[in-house]
Every structure is written in C-alpha cells, then in structure tokens.
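Order of the sequence lines fixes the chain letters, A, B, ..., with proteins taken first and strands second; residue numbering starts at 1 for each chain. As a basis for the values below, the full set of heavy atoms in this structure was taken, side chains included, without hydrogen atoms, waters or symmetry mates.
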Number of protein chains: 2
Amino acid sequence: MNIEKAINKLKEKGYKRTKQRERILEIFSEQDQGYIPAKTILKEIQKDFPGVSYDTIYRNLYLLAEEQVLESTELDGEKHFRFHCDTHGHHHHFICTGCGKTKAVEFCPMDKIAQSLDGYAVDDHKFEIYGKCPGCL
Amino acid sequence: MNIEKAINKLKEKGYKRTKQRERILEIFSEQDQGYIPAKTILKEIQKDFPGVSYDTIYRNLYLLAEEQVLESTELDGEKHFRFHCDTHGHHHHFICTGCGKTKAVEFCPMDKIAQSLDGYAVDDHKFEIYGKCPGCL
DNA sequence: TATCTAATCGTAACCATTACAATTACATCT
DNA sequence: AGATGTAATTGTAATGGTTACGATTAGATA
Ligand SMILES: [Mn+2]
Ligand SMILES: [Mn+2]
Ligand SMILES: [Zn+2]
Ligand SMILES: [Zn+2]
C-alpha cells in the first residue's frame, strides 16, 4: 500500500490529509514488512511533532486499521500495526519476536476444520507463529 | 485435572497448600471447559476472602500456569485462564466470546507449514477460533 | 513448640490505552 | 482571498489491568 493511495482512500470517505497522518504512513512505509508497536510510532513521530498527543496516534492507527490500510495484532499486551498485505489473498504470518518482521504463511487452517464446528458461529480466527527470523538468529 | 492432584503437584515442588490457592482451583473446577478472566477469579474469591490482594491472585494464576495446572491466553487485553487440557495431545480451541467456553479442535496447522519456515527458529504458535457456541446463539 | 520459609495483605506504582474540552488546521464555497 | 463548517489535534487527565514490595501471617517440618 502506497502513501498517496492510502491518503486518497481516506479522502474519499471525507477524512482530511494532515501532516501527522502522513507522517504515520511514512513510518510504516519506511519499516515495511513488520509489526510496529504503537509506542514506537509515537516516539518516532515526536521527532517531527514534539507535542503530538496519544489521541492522535491511536485515533489514526485505529482509523487506518478500520480502513484496511493497516492491520493489527496484540503482542505482549501491546497493540502492533503493519501495512495491510494486499498483494495476495487471505494468509497468516510468522512474526519475529526480535525485530517484528513477518513472513507470509500461505496456509489457513480454517478450511481443514470448518466441518468440525457445526452448530458454532465462527466470527474470527487467529493463527500466528512466533520465533526468530534468519536476520535475528 | 483434579484439585488434589494439582495441590500435590505443587507440594512436590515445595509450594504450600493454602486456602486461597485451594479456592482458586475450586473455581476452575466448578466452571470447567472455559476461559475465565483474572478479574472474575478475583471477584469470586473475594466472596470467601474479602481482603484478598491482587498479588495473591496473579501470583497463583501464574504459578499454576507455570506448573501446567492451568493454561492461559489473552482476550481483549485481559489474561484468561482455564484448566490445562491433559486428556489428549496438543490441540487448539474454539473460544466462545459469549461465555468463554471452549471446544477442542484436533488439528494443528504447524505440521502443514513446517517446511515453509526453513531458516526460521519457531518458538511458539497460536491458533484460536472465536465465535458463539450453540448455547450462546 | 520453635523455626524456617512460602504466602498473603495492603497499598501504591506502572503502563498502555482511552477520554474529552478547547483549540487549530484542512477543504470547500462564494 | 476570505468566510464557513467540520475533521483533527493538543494538553491533560482518567481508566483499567497488571506488577511491585515491605510488613505480616500462616503452613510445614522437626
Ligand atoms: Mn502478509
Ligand atoms: Mn482442550
Ligand atoms: Zn485464516
Ligand atoms: Zn498447534
């Protein structure tokens, strides 16, 4: 997902282009391919906008996730975000606990178990693999 | 897992039998088959021990998880616990977001993807399915 | 019963997240 | 360009789950 494309997607919904929002997107495009904790986004953005508030960070992260520009997960009780993967279909991730980088896992276990949940309403699922990537080993 | 068996397991490691610890185990054996948030354990135990402290709850829950008497997961930013499943091998769970009850899913996706993670060190994985159980529908 | 140590209590700190009133910035229209 | 309407940000505080710790109590053992 490209920054301009993301900004336009928001514009169509009536959301405005702001320097802070743009900077958040920049941060994600610099550190691609990995989950970043909200805290890190805040610290990074403070370099350019010293007085930035928590509200701004979280409002934007949640909005961007809502609009599928970002995707999120929770690791060690902290929310993490990354650019949404739109290059291929539904898939899952290996997540490096060292650097946050991810590797796509092109397999969804839901197909294999659908019939075993007859009578249950499935709303969501989570499949994540944790460990160290080659770079961190 | 039976309460006496759990207490004995702890005794062998030098941990003492206390009323509070026993009560925690009782709570889990009453509400079997489902995840319970730490908060609920606290509220429940306060009926018998009004002055019980957070320290006691968390120390015991973490100890019991460490000793494999309980297993834990994080849902909506809150830690949840349940009796450890020791009746069968490694498996995963459907978790009802209404009542916390779980249903075993006898399929682990790790077998299918092991070879796709060559060069990566896998430490852990999480596969959970969320939705409503028949009772909550 | 004396002693040793685990366990608990009471309380506060911690930390990520959420909330909100006041102010400012962005986009649009005339 | 200037006025207007609304989204967005700021500054700050509250919330809520979790963690920490010194002082005290209770369980186990001899
Ligand atoms: Mn991906
Ligand atoms: Mn089970
Ligand atoms: Zn899937
Ligand atoms: Zn598994």
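Nucleotides of DNA chain D nearest to A/K19 and B/K11 differ in position, and the one nearer the 5' end is that of A/K19. Mapping B/G51 and B/G14 onto DNA chain C by nearest heavy atom places B/G14 closer to the 5' end of the strand.
The backbone N or O of B/G131 sits less than 3.5 Å from a side-chain atom of B/T97, completing a donor-acceptor pair. Judged by distance alone, with hydrogens and angles left aside, the side-chain atoms of B/D76 form no donor-acceptor pair with the main-chain N or O of B/E78 at under 3.5 Å.
With C/dA16, D/dT9, D/dT10 as the candidates, the nucleotide lying closest to the side chain of A/S53 is D/dT10. For A/Y62, whose side chain is taken as the heavy atoms from C-beta onward, the closest listed nucleotide among C/dT18, D/dG17, C/dA16 is C/dT18. Comparing C/dT8, D/dT10, C/dA16 by their closest approach to the side chain of A/Y58 singles out C/dA16. In this structure, the nucleotide among C/dA7, D/dT10, C/dA27 sitting nearest to the side chain of A/T56 is D/dT10. Nearest nucleotide to the side chain of A/R59, out of C/dT8, D/dT9, C/dT17: D/dT9. For B/K79, the listed nucleotide lying nearest its side chain is D/dT19; candidates were D/dT19, D/dT10, C/dT18.
Distances shown here put a side-chain N or O of B/R21 below 4.0 Å from the OP1 or OP2 atom of C/dA7. Checking the phosphate oxygens (OP1, OP2) of C/dC9, no side-chain nitrogen or oxygen of B/Y54 falls inside 4.0 Å. Dashed line: the shortest gap from a side-chain N or O of B/Q20 to OP1 or OP2 of C/dC9 is under 4.0 Å. In terms of phosphate contacts, B/T18 brings a side-chain nitrogen or oxygen within less than 4.0 Å of OP1 or OP2 of C/dT8.
Between the OH atom of A/Y15 and the P atom of D/dA8 there is a distance of 7 Å, rounded to whole Å. For the pair A/L42 CG and D/dT10 C1', the interatomic distance rounds to 13 Å; values are reported in whole Å. Rounded to an integer number of Å, the gap from CZ of B/F81 to C1' of D/dT18 is 11 Å. One atom, CD1 of B/I7, and another, C1' of D/dG27, lie 12 Å apart when rounded to the nearest Å. Following rounding to the nearest Å, A/E22 (CD) and D/dT9 (C1') show an atom-to-atom distance of 16 Å. Atom CZ of A/R17 is separated from atom C1' of D/dT6 by 18 Å (rounded to the nearest Å). Here the C1' atom of nucleotide C/dT18 and the CG atom of A/L63 are 16 Å apart, to the nearest Å. The NE2-C1' distance, from B/H80 to D/dG17, rounds to 12 Å in whole Å.
A/H125 and A/H92 have their aromatic ring centers within a separation under 6.0 angstrom.
Judged purely by distance below 3.5 Å, without hydrogens or angles, the side chains of B/T73 and B/K79 never pair a donor atom with an acceptor atom.
Between A/Y58 and A/Y54, the angle of the ring planes stays under 30°, which puts this pair in the parallel group of the 30/60° scheme. Aromatic ring orientation, B/F107 versus A/F107: tilted (interplanar angle from 30° to 60°).
At a cut-off of 3.5 angstrom, counting only N and O atoms as typed in the model, there is a donor on one side and an acceptor on the other between the side-chain of B/K16 and the base of C/dT5.
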